[in-house]
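Beneath this line is the structure, given in structure tokens, with notes to follow.
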Amino acid sequence: MDIAENVACVREQIAQAAAKARRAVDEIELVAITKTHPAEKVREAIEAGQTLFGESRVQEARAKIPELPSNLRWHFVGHLQKNKIRHALPLFELIHSVDSLALAEDINRIAEEEGLHPRVLLEVNVAGEGSKFGFSPEKLRDQMEGLLALPRLSILGLMTIPPLAEEAEASRKYFVQLRELRDRLQTEFRVDLAQLSMGMTQDFPVAIEEGATLVRVGTAIFGERLKPRRD
Ligand SMILES: *Cc1c(COP(=O)(O)O)cnc(C)c1O
């Protein structure tokens, strides 16, 4: 397993997908997802020039981030539990996974107490899977007003995790749905939702073709996780 080689390979695939979609490659950021992988493996990715990383558990991040250089950027991509918000806020420059109005309100309140202005994405369950966190597209529209009224939050865009599938092409329709939802919300609420976080190891080239600005890639860089999980 050569992590530096894997990073280069993923970057090459990002460039190819961007070229195919006639997009500028610098519109797309690679978030290397380090969950379950130790700091030594993260260092190998840093050697390859990677500086943006993602974690999905606050506890794991609290242990790992201080072991690594302080100039790295970290994004949170997992389900954020209410009792972890205070610890998460200072660690992460972007939370991809705000999945309910209640969570957004809690983040807003704690950010106020801590004097912070968190940047967030809203997670949308576009396929309507019962097992997944996230706003349904209808609920998001209904609650958008309330979300935008939270003064401490900068809402920069949307995120989705499509249903597990063998074929990357199976994800395309969900990526299209997320982009179209984003377009409608921008028009209706006169907001800028520039960021689309979509695409993982399985399907990130397709996500880029459909407008992803942040791709979250773990396995293709760090290899299989001991206990595979998508949270
Ligand atoms: C683990 C995880 C990823 C990375 O998944 P891979 O299939 O290993 O690339 C991306 N997004 C989220 C939210 C994750 O939890």
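Both counts, for ligands and for their atoms, begin at 1 and track the order of listing. Everything quoted here is computed from the prediction, not taken from an experiment.
Residue Ser197 comes nearest to His96 through the heavy atom pair OG-ND1, 2.8 Å, listed as atom of the first residue, atom of the second, then distance.
Set against the non-hydrogen atoms of Thr219, the atoms of ligand 1 under 4.0 Å away are 6 (P), 7 (O), 8 (O), 9 (O). Near Ile161, meaning under 4.0 Å from one of its heavy atoms, ligand 1 places the atoms 13 (C). The distance from ligand 1 to the heavy atoms of Val217 drops below 4.0 Å at these ligand atoms: 9 (O). For ligand 1, the atoms lying closer than 4.0 Å to a non-hydrogen atom of Lys35 are 1 (C), 2 (C), 3 (C), 14 (C), 15 (O).
Other residues, nucleotides and ligands place no more than 12 heavy atoms under 6.0 Å from the CZ atom of Arg141.
Under a 4.0 Å N-O distance rule, the pair Arg57/Glu60 does not qualify as a salt bridge. We find that Arg86 and Glu113 are joined by a salt bridge, their nearest charged nitrogen and carboxylate oxygen being less than 4.0 Å apart. Of the charged side-chain nitrogens involved, at least one lies within less than 4.0 Å of a carboxylate oxygen, so that Arg109 and Asp106 count as a salt-bridged pair.
Neither the backbone nor the side chain of His96 comes within contact range of ligand 1; no heavy atom lies under 4.0 Å.
Screening Arg23, Arg179, Arg172 for a salt bridge (charged side-chain N to carboxylate O under 4.0 Å, His left out) with Glu209, the sole residue that qualifies is Arg172. Under the side-chain contact (heavy atoms from CB on, under 4.5 Å) rule, Val120 has a single partner from Leu80, Ile155, Leu150, which is Ile155.
No N or O atom of Val77 sits closer than 3.5 Å to an N or O atom of ligand 1. Taking only nitrogen or oxygen atoms, main chain and side chain alike, Arg225 reaches within less than 3.5 Å of ligand 1.
A heavy-atom separation below 4.0 Å is not found between Gln202 and ligand 1.
In this comparison of Glu224, Met159, Arg216, the heavy atom closest to atom 4 (C) of ligand 1 sits on Arg216.
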